[in-house]
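Notes to accompany the following structure.
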Amino acid sequence: MNYWLIVPAAGKGKRFGGQLPKQYLRLGQSTVMQTTLDRLSTLAAIKQIIVPIHPEDDIAKKLTYQYPQKIRFVTGGAERADSVLAGLEAIKTEAQPDDWVLVHDVARPCVRLTDIQNMFTQLFDDEVGGILAAPVRDTIKQASDDGQNHIIATVPRQQLWQAFTPQMFRFDIIYQALSHALAQQNMVTDEASAVELLGFKPRLINGALDNLKITYPEDLLLAEFLIRQQTT
Ligand code: C5P
């Protein structure tokens with residue numbers, strides 16, 4: 001059985017602002033993109049890393065990577081789900097239906113390899129897959145929809161988790177799920193949502209909270225700090 005990794009990197013980072021997509025911003029000695037790909041390419045189990053990039057991206061292929069032979073760039077699509085599906089199309093003829101596909105945001109350079117190894121162990125004989133996630137710690141409030149942000153409810157948090165990546169599924173399930181979600185024009189924001197739409201119940205695998213997603217400029221300094229502190 002093979003493990004494939006798709007790292008969607010075709011987004012323009014609208015929330016981040018600025019000209020340069022966030023994956024090309026400096027993080028320590030290199031960029032967010034190089035840090036994420038170099039870290040994940042050290043996982044021996046991963047056969048190939050497929051990186052969907054924007055059709056006009058002229059940076060990704062020019063950067064240097066620790067294991068360039070593992071990385072394959074493909075053209076991404078309009079939405080994240082289109083980009084991930086483009087990655088799946090690229091391996092369709094080589095992948096077996098029960099091969100594992102991991103999808104990881106390029107903007108999460110701090111993911112711990114020990115969490116991914118734990119995910120491999122936990123999901124080893126699972127028929128569907130699961131995602132790295134963490135139980136919600138804060139009290140969760142629901143806001144009014146009139147733009148005034150009045151609290152209209154306190155949501156019980158016992159069963160609430162925040163979803164991270166990697167998200168890991170059997171090839172045939174994730175392929176079917178994303179094709180179905182896109183055909184329905186359902187704007188899923190992660191792969192698990194698409195799999196859930198098919199009626200499956202992916203597992204939540206507890207991961208470290210420092211798996212930060214770089215969303216705003218101030219997150220870069222925090223990511224740099226977290227990476228310096230990490231020992232696993
Ligand atoms: O914008 P956001 O941080 O939610 O994007 C999540 C991930 O999806 C990023 O890695 C981004 O590059 C990727 N993406 C993509 N294709 C798109 C939109 C987003 O690969 N069309």
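The analysis underlying the following values was restricted to heavy atoms, covering all of them including side chains, and did not include hydrogens, waters or symmetry mates. Both ligands and their constituent atoms are indexed starting at 1 by order of listing.
G77 counts as a contact of ligand 1, since one of its heavy atoms falls under 4.0 Å from the ligand. Taking a 4.0 Å cut-off on heavy atoms, G76 fails to register as neighbouring ligand 1. Judged by the shortest distance from any of its heavy atoms, K213 lies inside the 4.0 Å radius around the atoms of ligand 1. The shortest heavy-atom distance from H54 to ligand 1 is not under 4.0 Å.
Taking all heavy atoms of G11, A107, A9 into account, the minimum distance to atom 14 (N) of ligand 1 is reached by G11.
Nearest heavy atom pair, residue S30 against residue T35, reads OG-OG1, 3.3 Å. When all heavy atoms are compared, the tightest approach of A192 to Q167 is N-OE1, 2.9 Å. When every heavy atom of I53 is checked against every heavy atom of A60, the shortest pair comes out as CG2-CB, 3.9 Å.
Annotation for ligand 1: atoms under 4.0 Å from non-hydrogen atoms of K22 are 3 (O). Every atom of ligand 1 with a heavy atom of A78 under 4.0 Å away is listed here by number and element: 21 (N). Atom numbering of ligand 1 starts at 1 in the shown order; those under 4.0 Å from a heavy atom of S83 are 15 (C), 16 (N), 17 (C), 20 (O), 21 (N). Counting the atoms of ligand 1 from 1 in the order shown, those under 4.0 Å from a heavy atom of V106 are 10 (O). Within ligand 1, counting atoms from 1 as listed, the ones closer than 4.0 Å to a heavy atom of P8 are 9 (C), 10 (O), 11 (C), 12 (O), 13 (C), 20 (O).
At distances below 3.5 Å, not a single donor-acceptor pair connects side-chain atoms of K47 with backbone N or O atoms of N2. Between the K22 side chain and the I214 main chain, a donor and an acceptor come within less than 3.5 Å of each other. The backbone N or O of P8 lies less than 3.5 Å from no partner atom in the side chain of R80, so there is not a single donor-acceptor pair. Remark: the backbone N or O of G207 is not paired with any side-chain donor or acceptor of D115 at under 3.5 angstrom.
The ring pair (Phe, Tyr, Trp, His ring centres under 6.0 Å) analysis of residues 112-140, with sequence neighbours excluded, yields the pairs Y3-F120.
Considering backbone and side-chain atoms together, P52 places no N or O closer than 3.5 Å to any N or O of ligand 1.
Heavy atoms of R80 found under 4.0 angstrom from ligand 1 belong to the backbone as well as the side chain.
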